[in-house]
Protein chains: 2
Amino acid sequence: MSWKLDSDRPIYTQLIEILKIEIVSGKLPPGSKFKSVRDLAMEAGVNPNTMQRAFAELEDLELLRTERTSGRFVTEDAELIGKTRDAIASAQFDLFAEKMEQLGFSKRELVDFVNKKVEVESDG
Amino acid sequence: MSWKLDSDRPIYTQLIEILKIEIVSGKLPPGSKFKSVRDLAMEAGVNPNTMQRAFAELEDLELLRTERTSGRFVTEDAELIGKTRDAIASAQFDLFAEKMEQLGFSKRELVDFVNKKVEVESDG
DNA sequence: ATTACTGTATTAAGCGCTTAATACAATAAT
DNA sequence: ATTATTGTATTAAGCGCTTAATACAGTAAT
C-alpha cells in the first residue's frame, strides 16, 4: 500500500481513507483476508492502537467484518463497495470544484483546466 | 469570508488556505488593507494568537506585508499572485486526480466524470 | 499629551492524537 | 496440551494545537 502519511491530520483518519480506497478500488478483493492489526501497523509504521482505531471505523461502515479470532475480511457486499466508490469520487470532485470556484474559475474554465492537465500528463 | 473550519486539521493551516485564496482570487485586491489580527480573529471565531500564526505564514510567502503599526496590506506583486493562483489550482487538481487514479479511474474516465458532474450541476 | 489601535510576545492550561507497554480472552495450528 | 496468533482493552506519558490572559512598543488620531 501507499502509507503516505502527513503530520497535518490525525493518522487514524488518513489510515481510514487509504484502507477505504484499497477496498473500494478492488485492490483488496471482496471476501479476502486482511493482515492483522499488528502486522499492518508495523508495515505502516504506526502504533497498533492507531491502526485498530481505523479498523473500528471501517467496521462501522461495514466495509470490514471481524471473525473473532481468525482475523478481518473485506465485505462481499458489492453494492456497498460500488456506492462507496462513487461517493468518494463525488466528494473528491466537490472539494476540487469548490476550491476552483473560490479561485475564480468558471465551470467552463474548470473543464478546460482539467482537459489541459490530463493532456499534458498523457502526452509528456 | 467563509470561515468553514473543521476540527480535523489545525485551524491555523485552514486559515492560511482561506486567506490565501481570498488574496489570489482578487477578492482582497492588491494593496488593500487587511483587517486587524483581533478583528479577523473575532470574525473567524478563533484566538488572536491563532490568526497571528496564519498571518506570519502569509508574510513568509510575501502575499502580505506588515506596516509596523498601521496594519497589514495585500501584496501588489501581480505576478506572485498569478503564480500562486495557478499553483493552488494545479495542486488541487493533482490531489483530485491522485484519488481518482487510486479509485481505479482512467484518465478518460476522470474527464468523463468531470464533464458529467459539471453538466448536472449546471442543468439542475 | 492623551487615547486608541496596530503588531508582537509570553506563560499556563486544556484537549485530542499518538505512542509505549502491557495484559487478557478466544481460537487456529502444532 | 501447548504454542502462536487473533482481536481487544487499559494506563501513562509526550507532543502539538488552541485558548486565555496578559503585557509591551510603536504610531495614528484627537
Side-chain angles (χ1 to χ4, degrees), chain A residues 1-20 22-23 28-29 31-76, chain B residues 1-20 22-23 28-29 31-76:
Chain A
M1 303 195 192
S2 49
W3 305 132
K4 274 185 281 182
L5 302 170
D6 65 278
S7 60
D8 223 36
R9 295 181 305 151
I11 293 177
Y12 83 94
T13 299
Q14 301 179 55
L15 294 177
I16 290 168
E17 292 175 3
I18 291 172
L19 294 172
K20 225 194 241 183
E22 291 283 324
I23 293 172
L28 297 174
S32 64
K33 189 176 180 182
F34 243 63
K35 292 183 179 173
S36 73
V37 177
R38 293 173 177 80
D39 285 354
L40 250 197
M42 183 152 62
E43 185 180 309
V46 302
N47 191 278
N49 298 340
T50 306
M51 185 60 75
Q52 169 104 8
R53 187 165 178 179
F55 279 173
E57 170 78 10
L58 293 177
E59 281 169 22
D60 273 356
L61 298 174
E62 296 184 345
L63 289 173
L64 283 186
R65 84 185 129 78
T66 295
E67 217 68 40
R68 199 65 182 81
T69 59
S70 58
R72 286 188 169 83
F73 301 86
V74 177
T75 181
E76 298 178 13
Chain B
M1 303 194 193
S2 48
W3 305 134
K4 275 185 282 182
L5 303 170
D6 65 278
S7 59
D8 222 36
R9 293 181 308 150
I11 293 178
Y12 82 95
T13 298
Q14 300 178 57
L15 294 177
I16 291 169
E17 290 175 3
I18 291 172
L19 294 172
K20 225 194 244 183
E22 292 283 325
I23 293 172
L28 297 175
S32 63
K33 188 176 181 183
F34 243 63
K35 292 183 179 172
S36 73
V37 177
R38 293 173 177 81
D39 285 355
L40 250 197
M42 185 154 61
E43 186 180 308
V46 303
N47 191 279
N49 298 340
T50 307
M51 185 60 75
Q52 169 102 7
R53 187 165 179 178
F55 279 172
E57 170 77 11
L58 294 178
E59 282 169 21
D60 272 358
L61 298 174
E62 296 183 345
L63 289 172
L64 283 186
R65 85 186 128 80
T66 296
E67 216 68 36
R68 198 65 181 81
T69 61
S70 59
R72 285 188 171 84
F73 301 86
V74 177
T75 180
E76 299 178 14

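Convention: sequence-line order gives letters A, B, ...; per-chain numbering from 1.
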Which protein N or O atoms sit under 3.5 Å from an N or O of nucleotides 13-15 of chain D?
none

Can you tell me if the side-chain N/O atoms of [X] get under 4.0 Å from OP1 or OP2 in [N]?
X	N	answer
B:Arg72	C:dT6	no
A:Arg38	D:dT5	no
A:Ser36	D:dT6	yes
A:Thr50	C:dT19	yes

Send over the distance from [X] [atom1] to [N] [atom2], rounded to a whole Å.
X	N	atom1	atom2	value
B:Asn47	C:dA9	CG	P	15 Å
B:Met51	C:dG7	CE	P	11 Å
A:Phe34	D:dG7	CZ	C1'	14 Å
B:Lys33	D:dT27	NZ	P	14 Å
A:Gln14	C:dG16	CD	P	19 Å
A:Glu59	D:dG7	CD	P	9 Å
B:Arg53	D:dG16	CZ	P	10 Å
A:Met42	D:dT5	CE	C1'	13 Å

Open item on the list: Working to the nearest 0.5 angstrom, can you tell me the gap between A:Leu15 CG and A:Met1 CE?
Closed with: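 Atom-to-atom, A:Leu15:CG and A:Met1:CE are 10.0 Å apart.
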TODO: Please work out if A:Phe55 contacts a base, only the sugar-phosphate, or nothing of the nucleic acid, heavy-atom cut-off 4.0 Å.
DONE: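 Nothing, no nucleic acid heavy atom in range.
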Open item on the list: Evaluate B:Glu76 against B:Arg65 for salt bridge (charged side-chain N to carboxylate O under 4.0 Å, His left out), listing each step before the verdict.
Closed with: CA-CA 10 Å; B:Glu76 299 178 14; B:Arg65 85 186 128 80; 3.6 Å; yes
Open item on the list: Could you check whether any side-chain N or O of B:Glu57 sits under 3.5 Å from a backbone N or O of B:Ile16, counting only pairs where one atom can act as donor and the other as acceptor?
Closed with: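 Not a single qualifying donor-acceptor pair exists.
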Task: Cation-pi, B:Phe34 ring and B:Arg72 (6.0 angstrom, 45 degrees) - done: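 Pair B:Arg72/B:Phe34 does not count as cation-pi.
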Open item on the list: Starting the side chain at C-beta, find the nucleotide from D:dC17, C:dC17, C:dG7 nearest to B:Gln52.
Closed with: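 The closest nucleotide is C:dG7.
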Task: Among C:dA9, C:dT8, C:dT19, the one nearest B:Asn49 by side-chain distance - done: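 Nearest nucleotide to the side chain: C:dA9.
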TODO: Test A:Lys35 against A:Glu43 for salt bridge (charged side-chain N to carboxylate O under 4.0 Å, His left out), laying out the working first.
DONE: CA-CA 10 Å; A:Lys35 292 183 179 173; A:Glu43 185 180 309; 2.6 Å; yes
Task: For A:Ala54 against A:Tyr12, the heavy-atom pair lying closest together - done: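 Closest pair (atom of A:Ala54, atom of A:Tyr12, distance): CB-O, 3.9 Å.
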Open item on the list: Ignoring hydrogens, what is the shortest heavy-atom contact between A:Gln14 and A:Asp6? Give both atom names and the distance.
Closed with: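 Heavy atoms of A:Gln14 and A:Asp6 come nearest at NE2-O, 2.7 Å.
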TODO: Check the pair B:Lys20, B:Glu22 against salt bridge (charged side-chain N to carboxylate O under 4.0 Å, His left out), reporting the backbone distance first and the verdict last.
DONE: CA-CA 5 Å; B:Lys20 225 194 244 183; B:Glu22 292 283 325; over 6 Å; no
Please list each protein N or O that sits under 3.5 Å from an N or O in nucleotides 27-29 of chain C, with the distance.
from   : atom 1 : to      : atom 2 : distance (Å)
C:dT27 : O4'    : A:Thr69 : OG1    : 2.6

Open item on the list: Working note: B:Leu63 + B:Val74, criterion side-chain contact (heavy atoms from CB on, under 4.5 Å); need CA distance, chi angles, decisive distance, verdict.
Closed with: CA-CA 6 Å; B:Leu63 289 172; B:Val74 177; over 6 Å; no
TODO: Decide yes or no on side-chain contact (heavy atoms from CB on, under 4.5 Å) for A:Leu40 and A:Phe55, but give the supporting numbers first.
DONE: CA-CA 11 Å; A:Leu40 250 197; A:Phe55 279 173; 3.6 Å; yes
